[in-house]
Amino acid sequence: MSALMSAAMVNLGVYGIVRVGLDLLGGGPRWWWLLVLVLGAASAVYGILQAVVRTDLKRLLGYSTTENMGLVLVGVGASGLYAAAGDPVLAALALTAALLHVLTHAAFKTLLFLSAGSVVHATGTRDLDALGGLRAAMPVTTAAFGLGALAASALPPGTAFVSEWLLLQSLVHGPRTAPGLDVVASIVLPLAVAAVALTAGLAVATFVKAFGVGFLARPRTAEAAAARESSPYMLAGMGLAGAACIALALAPTLVLPAVAGAAADVLHAGPAVQGAVAIQLVGVDGVMSPLLLVAALAVAVAAVAGALRWLTARRVRTARPWDCGGGPMSSRTEYTATSFAEPLQRVFDDVLDPVQDVDVTHHRESRYLVAAVAYRRSVPDRIETGLYAPVLSAAAAWGRAGRRLATGSVHRYLGYGFVTLCGLLVLLVVTR
Amino acid sequence: MTGLGLAGGVLQAIVIVGGAPLLLGLMRQVRARLEGRAGPGIVQPWRDLRKQLSKESITPRGTSEVFRIAPVLTVSLTLVVAVVAPFVTVASPLPAVADLFVVVALLAHGTVVIALAGLDTGTAFGGMARAAR
């Protein structure tokens, strides 16, 4: 359900903006696209900041969707800006990047949510602080989540790397090659590059946390230790999504002609990319080949592994990890998702505004003895509490006020009809 | 892919892999001389490496394949960067791979692999190594 919601439904918003803004209205003023770009960048950074401090696996993935949709809107906004500045080549490139990112995001987010569902099914919890050590009991789910995490952190050779590369290319080439851009756009575009770079860095931290804490290390609870691999049907679903991810990662050129064609149609320009093995940008410098990159990596891994085997001693010993002589380490000493994200939470304190609370209960006899210490920390979503909650509560209050009119008395309803009729008649007399 | 590019790529890999410990040794030597010490010599990092490589390798109990393949992956990712970045020649053996964004992302990927290996040990030290990055 969340896979469908997060991977498929959210794309309709992007479709609506592109369809109405670029196609039906044929471009539109510059400030629209500036607004789309700025809101997209803000939601990308804010979304990933919320994701990096989350410990609930599914909420983390949900906020990552916010981030990715923000990136897509950065592309759409840049595309509109270029189109308004009279540069269809870069406009097509930016829109191609945005649409390809919609596609890759749908693929890897499906995979991530399916594997998260498998984890929830096996352990009954979505809390990363209660997971860990799943790689031994659930190897297929771990591999699937790892593939999805690689894609979501936009590292090569992951699925989303190509689309983020295209997005960055379209943003950095703007101020240099598009002469029609004005001062504001020339300032905003480099800032957007910075926002995308910050987002990418935080996404890496988020998914290192989700994968490293949730799946590696040792189990933190009995539930995580007792996890069993999910049924073959669930694994088959993950396999399908994973195959789509791998195909998009290695050969994005399979879908790029269609995506670039759609973007070109909307903008009445030529396709922005070409090439079968390497992705060659049209009109600006830039070429990248995920397939060749993976081949080079494979050669390098083979060379390094071979050199190590040749150079090093063959003796391998398994030993207890270093524990300062303090006896075997338990899962209590591990890094948790909360402690992993703590430095970042501290850095972005002003944006996240976390709520921390320390309650110290003293002993009855003396204030110098502590009976209990309770520590609570939560990071409420400021957009949710500051924007959506007031709107929702206002709507609910409006509904409650309306309910007071409907008491169930037929006489009262007849009275409403009579009063409304009289009011209408008076209105007619007055306005005629 | 030209012959010059191929030769340049191989040469770059050799120069960077062979030269990186020498650069480290040079920096240490300069620092030692500045502090009035004799210093161990420029090739000391290579001597250290030879000694380290001849020792047995120890794997912490309870770690997975992630921990074992992490060093190989990190070195490989850096090696790809060493081959594609213009250092000895601008005729890159893989022109389609060389791109600033790709290079930065590859180096970041190396860091990620080390961080995951640190988390995989399940001790606070592994996590701290991650934080030091």
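Below, chain A is the first sequence line, B the second, and so on; all start at residue 1.
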Under 4.5 Å from any heavy atom of chain B, what part of A:V299 do you find: side chain, backbone, both or neither?
neither

A:V301 versus chain B, the contacting section by heavy-atom distance below 4.5 Å
both

Among B:V72, B:L73, B:V75, the residue with the most heavy-atom pairs under 4.5 Å to chain A is B:V72

Interface moiety of B:T63 toward chain A, non-hydrogen atoms closer than 4.5 Å
backbone

Honestly, the part of A:L150 sitting under 4.5 Å from a heavy atom of chain B is side chain

Under 4.5 Å from any heavy atom of chain A - which part of B:V66
side chain

Say you draw a straight line from OG1 of B:T121 to OH of A:Y335; how long is it, rounded to the nearest 0.5 Å?
10.5 Å

For B:L77, is it the side chain, the backbone, both or neither that has a heavy atom under 4.5 Å from a heavy atom of chain A?
both

Rounded to the nearest 0.5 Å, what's the gap from NE2 on B:H109 to CG on A:L297? Could you check?
8.0 Å

Among B:A108, B:G62, B:P60, B:P71, residue most engaged with chain A (heavy-atom pairs, under 4.5 Å)
B:P60

B:I58 versus chain A, the contacting section by heavy-atom distance below 4.5 Å:
both

Go through B:L106 and A:L293 one step at a time and tell me if the side chain to side chain contact (heavy atoms under 4.5 Å, CB included) criterion holds.
CA-CA 10 Å; B:L106 281 174; A:L293 184 63; 4.1 Å; yes

Separation between CZ of B:F101 and CD of A:Q169, rounded to the nearest 0.5 Å:
5.5 Å

What part of A:F161 gets closer than 4.5 Å to chain B, counting heavy atoms only: side chain, backbone, both or neither?
side chain

